[in-house]
Amino acid sequence: MTSGTASGTAALQERRYRILVTGYAISSYGTFLNVVALSLYVYAVTDRALAVGVFMAVRLAAGFVAGLAAAAVLARWAAKGVMFWANVAQAVALLLLVLAPDGFRTGTLFAVSAVVGASGTLFMVTLRSSIPDMVGEERHTWANSLMVSGRSMAMVAGFASSGVVVSLLGYTAAFLVDMATFLVCALTVLLLPMPMGPARGNERGNEETDSQGKAVEDVEDVEDVEDGPGSQEEEGADGPGLRPDGRRRVPAALVALGAVPVLGLMVALRGIDALGSSSHNAALPVYSTELDADNPAVFVSVFWCVWALGNVLVQQVLQRYTKRTGRSVGALGFGLGTIAMSGTFILAFAGLPWAATVLVALLAGAADGLTEVSYTSHLQTLPSPLRTHAFGLSATVENLGFGVGMIVVAAALDVFTPLSVVGVAHGAAIVLALVYVARVLRGQGEAQVEESQEVEEPQEGEEAQEAVPGSEARDGKQGDQGEGESGAGPARGGHRDGAEVSGG
């Protein structure tokens with residue numbers, strides 16, 4: 001009966017999550033349609049290319065700020081409410097743009113840019129950090145793969161149809177379509193069996209302190225935060241930045257960075273990868289125009305369609321691999337995937353024959369999908385309070401990398417070839433990824449040595465136990481040690497792929 005109930009609950013969770021992913025894919029279509037339609041509309045209204053750049057900069061800056069604020073927002077409000085209102089806010093902003101008088105359209109455009117950038121980041125941080133709670137810890141890799149597949153297909157549909165929608169139906173129709181997609185996503189969020197109102201424990205400061213205190217106690221890498229002798233002027237008096245129990249108040253983002261092995265290096269690599277992404281996004285139109293000045297959209301469209309196909313195909317492989325083995329690709333998969341992705345994007349600008357370029361685009365999409373799932377799954381192994389901080393920090397770093405990259409790359413493309421610009425940007429990602437992979441492999445080697453040593457000690461204890469059978473005191477002592485002091489327990493384990501978190 002219990003097994004049947006658990007199976008029914010899991011099936012319900014999966015069905016609700018599939019509905020949410022459908023809504024997310026529909027809103028992603030609106031997002032990518034938005035990118036093209038709004039950029040064209042900015043240029044049509046202002047007649048200045050600089051305004052288009054400023055528009056994108058405002059959007060990225062709003063996303064940057066939202067990433068920093070995401071943890072504080074989610075400490076006060078439930079994930080369901082944040083995701084719902086993030087979609088509603090984007091829909092309302094687009095409606096205001098449609099209704100804005102001619103004299104207010106420029107200002108409204110930049111307000112829409114800020115709302116879309118901030119709301120989109122908040123939604124993604126909330127969704128990614130909440131997936132383990134929606135589907136269960138053991139299903140998060142499958143859930144991430146399904147999410148990435150939906151977004152990839154939506155991206156192709158959004159980019160492919162944007163020109164048709166704008167040309168045939170006009171900007172107003174495009175904005176109304178965008179608005180409808182966000183409302184559909186908001187409705188699917190309402191179906192989630194989660195609380196809608198303020199988060200439990202409205203006192204954010206207390207909640208953050210408690211979660212940090214628990215994380216500090218559980219996570220080996222940041223456990224030495226207690227003050228030494230003489231750090232407080234009077235016993236029992238809390239100094240600046242001290243908890244009542246004498247511990248320092250560790251910023252949650254720093255705790256998150258210390259909670260998972262090489263997480264800081266991983267987030268840095270994600271930021272450099274975002275810079276690389278800005279390079280190929282900016283260079284593709286230039287390179288496509290050089291290939292065929294009469295039809296520059298052909299190469300870009302074909303490339304992104306094949307890229308998305310590779311992304312979707314690798315998700316199917318990952319889902320089957322996870323279902324068959326019960327394992328995720330882990331931290332190492334993220335590093336190797338980043339190397340493969342950056343390498344294939346460089347090859348895409350090398351002037352290869354069409355057949356080879358199509359294969360390169362397919363491999364680039366597959367590698368991109370692998371890195372997305374492995375990275376998201378890795379961060380989701382954090383305990384729930386730190387998970388939000390990690391995803392918020394990651395979103396901030398990604399927006400920063402992409403925003404800085406767009407500025408630097410745009411200037412570099414006026415002087416250098418697309419191949420050289422993309423080669424430098426993605427080459428930097430490859431170098432850092434090699435350092436990251438070496439660090440992960442070293443960590444796995446050290447973990448294997450520790451595990452082998454930990455296995456030998458109980459074996460000696462077992463031999464001693466056999467020599468003195470019937471010793472109840474010895475049995476009890478060994479049982480206590482197996483859970484509290486042995487390195488085999490969860491507080492010391494979690495080194496299978498470098499992703500598991502003690503206490504999580």
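This is a predicted model, so every value here is computed, not measured.
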*More than 12 heavy atoms of other groups within 6.0 Å of F416 CZ*: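 Incorrect, the count does not exceed 12.
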Quiz question: by atom type and distance under 3.5 Å, do the side chains of [X] and [Y] form a donor-acceptor pair?
X	Y	answer
T188	Y24	no
N311	E372	no
Q315	S149	no
E398	S394	yes

Find the distance between [atom1] ([X]) and [atom2] ([Y]) and round it off to the nearest 0.5 Å.
X	Y	atom1	atom2	value
L263	L382	CG	CG	6.0 Å
I26	T181	CD1	OG1	8.0 Å
W307	H280	CH2	NE2	8.0 Å
L183	Q90	CG	CD	10.5 Å
L60	F55	CG	CZ	10.5 Å

Taking every non-hydrogen atom, the tightest pair across [X] and [Y]:
X	Y	value
I430	S342	CG1-CB, 3.5 Å
T108	L97	CG2-CA, 3.8 Å
A282	V409	CB-CG1, 3.6 Å
P132	R128	CD-O, 4.0 Å
G405	L275	CA-CG, 4.0 Å
A361	V306	CB-CG1, 3.9 Å

Does any non-hydrogen side-chain atom of [Y] lie less than 4.5 Å from one of [X]?
X	Y	answer
F84	W77	no
H378	M266	yes
L318	T141	no
M147	I131	yes

*Where do D178 and L38 land on the side-chain contact (heavy atoms from CB on, under 4.5 Å) test, with the steps shown first?*
CA-CA 10 Å; D178 295 346; L38 283 173; 5.5 Å; no
*Evaluate ring-ring contact (aromatic ring centres under 6.0 Å, His included) for F299 paired with W304, printing each intermediate quantity in order.*
CA-CA 9 Å; F299 179 81; W304 283 124; over 10 Å; no
*Start with the C-alpha gap between M153 and Y29, add the side-chain angles, then the distance that decides, and say whether side-chain contact (heavy atoms from CB on, under 4.5 Å) holds.*
CA-CA 8 Å; M153 291 186 288; Y29 168 79; over 6 Å; no
Pairs of donor and acceptor atoms involving the side chains of residues 331-340, under 3.5 Å and at least two apart or interchain, shall be tabulated with distances.
unit_1, atom_1, unit_2, atom_2, d
T338, OG1, F334, O, 2.8

*Please determine which of V440, V435, L434, L441 meets the side-chain contact (heavy atoms from CB on, under 4.5 Å) test together with V437.*
L441
*Distance-only, no hydrogens or angles: does the N281 side chain make a donor-acceptor pair with backbone N or O of S277 under 3.5 Å?*
yes
_Residue pair T417, S420: steps toward the side chain to side chain donor-acceptor pair (under 3.5 Å) verdict_ = CA-CA 5 Å; T417 65; S420 59; 3.0 Å; yes
_Set of residues satisfying salt bridge (Lys or Arg N to Asp or Glu O under 4.0 Å) with respect to R59, sequence neighbours excluded_ = none
*Please walk me through it: do S27 and N87 pass side-chain contact (heavy atoms from CB on, under 4.5 Å)?*
CA-CA 8 Å; S27 70; N87 280 284; 4.1 Å; yes
*W85 ring center near F123 ring center (under 6.0 Å)*: no
_Candidate pair Q380 and S129, rule side-chain contact (heavy atoms from CB on, under 4.5 Å), full reasoning_ = CA-CA 6 Å; Q380 285 168 349; S129 62; over 6 Å; no
*Worked verdict on R387 versus D133 for salt bridge (Lys or Arg N to Asp or Glu O under 4.0 Å)*: CA-CA 11 Å; R387 192 189 308 148; D133 300 325; 3.7 Å; yes
*Could you tell me which residues satisfy side-chain contact (heavy atoms from CB on, under 4.5 Å) with V92, sequence neighbours excluded, listed by chain and number?*
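So V92 forms a side-chain contact (heavy atoms from CB on, under 4.5 Å) with V88, L96.
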